[in-house]
There are 2 protein chains.
Amino acid sequence: MKDGPNIVGIAALIGDHARAEMLTALMAGQALTATELATVAGVTKQTASAHLAKLLDAQLLALERQGRHRYFRLADRDVAQLLESLMGVAYRVGALRLRSSPREPALRKARICYDHLAGELGVLIYDALIERKLLHMIDEQPQLAPAGQRFCRELGIDIDALAAQRRPLCRACLDWSMRRRHLAGTLGAALLERCLTLGWARRVQGSRVVSFSVPGELALRREFGVAGG
Amino acid sequence: MKDGPNIVGIAALIGDHARAEMLTALMAGQALTATELATVAGVTKQTASAHLAKLLDAQLLALERQGRHRYFRLADRDVAQLLESLMGVAYRVGALRLRSSPREPALRKARICYDHLAGELGVLIYDALIERKLLHMIDEQPQLAPAGQRFCRELGIDIDALAAQRRPLCRACLDWSMRRRHLAGTLGAALLERCLTLGWARRVQGSRVVSFSVPGELALRREFGVAGG
DNA sequence: TTCATGATTCGATGCTAGGCGAACCATTCG
DNA sequence: CGAATGGTTCGCCTAGCATCGAATCATGAA
């Protein structure tokens, strides 16, 4: 009656407080050292070391050595997507943290979803693209219209370079906080990158939060043709 | 540093042998009783009862009472997809069962993926549809071409009824055993249903295996224009 | 070389949670 | 009604594993 791959090990690894905390922190996309991860997990270095060894062994994390530092990051996008889909189920089910973070509102407003923008502003961009018919849906999957390609070029995004990659250009990613869709894929990643280089927003150190300045958010809303705040 | 929903509880629930066994069994799509689930998990009824209570409480399972029986099924498609993506990561990572099932080959050949066909034959169908340009890719997402609609109608599938549903008609689902894509969505479900009613294949009791008869597989390959065995 | 810091290994400890036996409720059937 | 079967509750036991202190290894700086 034992059908299929052994999911127990993977799930059990994620099903521990300290390790889940580490993995969640790494969802921000940047690599962290063992000591930093020990801090976010709230455990000592020895404990963190044991956890990290297990996560490495299971290939959920990848390691980059740099001098006497060891930087850890999520092994690949598959793992990130697994974590997001876990968050989706957890959120839907109402399994929120009892003591939710003081920065939760900022997180709901705009955050990194591994390499693209999620949260209210992420959903807002997505909706605006659909509304203005720059993106249209086929079988509930987004596709960039010709007008959308022009729009992106005007924003300074090299669409052709993105389209040439193996990763899909547009993908709809389900947002755990909004229960709505936002834009992933290479275009999603490029849009986030653009918001940062244009100075509209900046990353908050040690968090998934993306902090938009007031003029930055206004510029974003103007470009995408969305009123109000 | 506590960002996002609490994934620990959900992951920990799946990260237990008995419970994972139960969830995997329910991936076959049909509801099972508490006693049946106790058997597949290899535990006593009392133990199973405790596990099932937890899974219900976390809304990973749904319950249907029927007389003195209690039928359990996966709460919804989100949960099924979470489990498949866990299997994907587990398989990629090589976390196979040490004592893999004697029916593993059959499982790799053709199996139920919640409500559609997966495994070698599932991938074969998908590839054939692409090859014959009945299905074409847009941003790596499948869309049914007009010729494909005709093809499906000839197979006896009511495309218009399927397209009217809220669920997407075509979706590409990643196969853990093949690391290739196969067809999900309402059309995927309808194709499986068609294989069963045409007598090409039958479900194997208490398993995700879909067993094709020799003439059934030949008929399938003929219809989809794929040679060999 | 010596010192400081990042990181791992080892051994001991303590708690959580899964497991079962036995008894108990509930539904169906003769 | 009683017998049979599906399912739950209770109490106890045990094993696995997360955790930490202390010691050890490794890298880089002085």
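Keep in mind that what you see is a predicted model, and the values were worked out from it rather than measured.
Ionic pairing of B:E223 and B:R194 is not present here: no N-O contact between side-chain nitrogen and carboxylate oxygen is shorter than 4.0 angstrom. We find that A:R208 and A:E84 are joined by a salt bridge, their nearest charged nitrogen and carboxylate oxygen being less than 4.0 Å apart.
For C:dG21, the base has a donor-acceptor partner in the side chain of B:Q46 [N/O atoms by modelled type, under 3.5 angstrom].
We find that CD1 of B:I14 is positioned 14 Å from P of C:dG18, with the value rounded to whole Å. Rounded to whole angstrom, the span from the CZ atom of A:R65 across to the C1' atom of D:dC25 amounts to 13 Å. In this structure, A:L52 places its CG atom 15 Å from C1' of C:dT9, rounding to the nearest Å. As a whole-Å value, the separation of B:K45 NZ from D:dT9 C1' is 14 Å. Residue B:L13 contributes atom CG, which lies 8 Å from atom P of C:dG18 at whole-angstrom precision. The distance between atom CG of A:D16 and atom C1' of C:dT16, rounded to the nearest whole Å, is 12 Å. The interatomic distance linking B:H69 (NE2) with C:dA26 (C1') rounds to 13 Å, in whole Å. As a whole-Å value, the separation of B:K54 NZ from C:dT16 P is 13 Å.
Listed candidates were D:dA18, C:dC20, D:dC20. Nearest to the side chain of A:T44 is D:dC20. In this structure, of D:dG7, D:dT19, C:dG19, it is D:dT19 that holds the atom nearest to the side chain of A:H51. When each of D:dC20, D:dG6, C:dA7 is scored by its nearest atom to the side-chain atoms of A:T35, the top-ranked nucleotide is C:dA7.
Annotation: the span from B:M87 atom CE to A:I10 atom CD1 amounts to 12.5 Å, rounded to 0.5 Å.
In this structure, A:A48 reaches neither bases nor backbone, as no heavy-atom distance under 4.0 Å exists between it and the strands shown.
Of all the heavy atoms in B:K45 and B:A38, the pair that sits closest is CA-CB, 4.3 Å.
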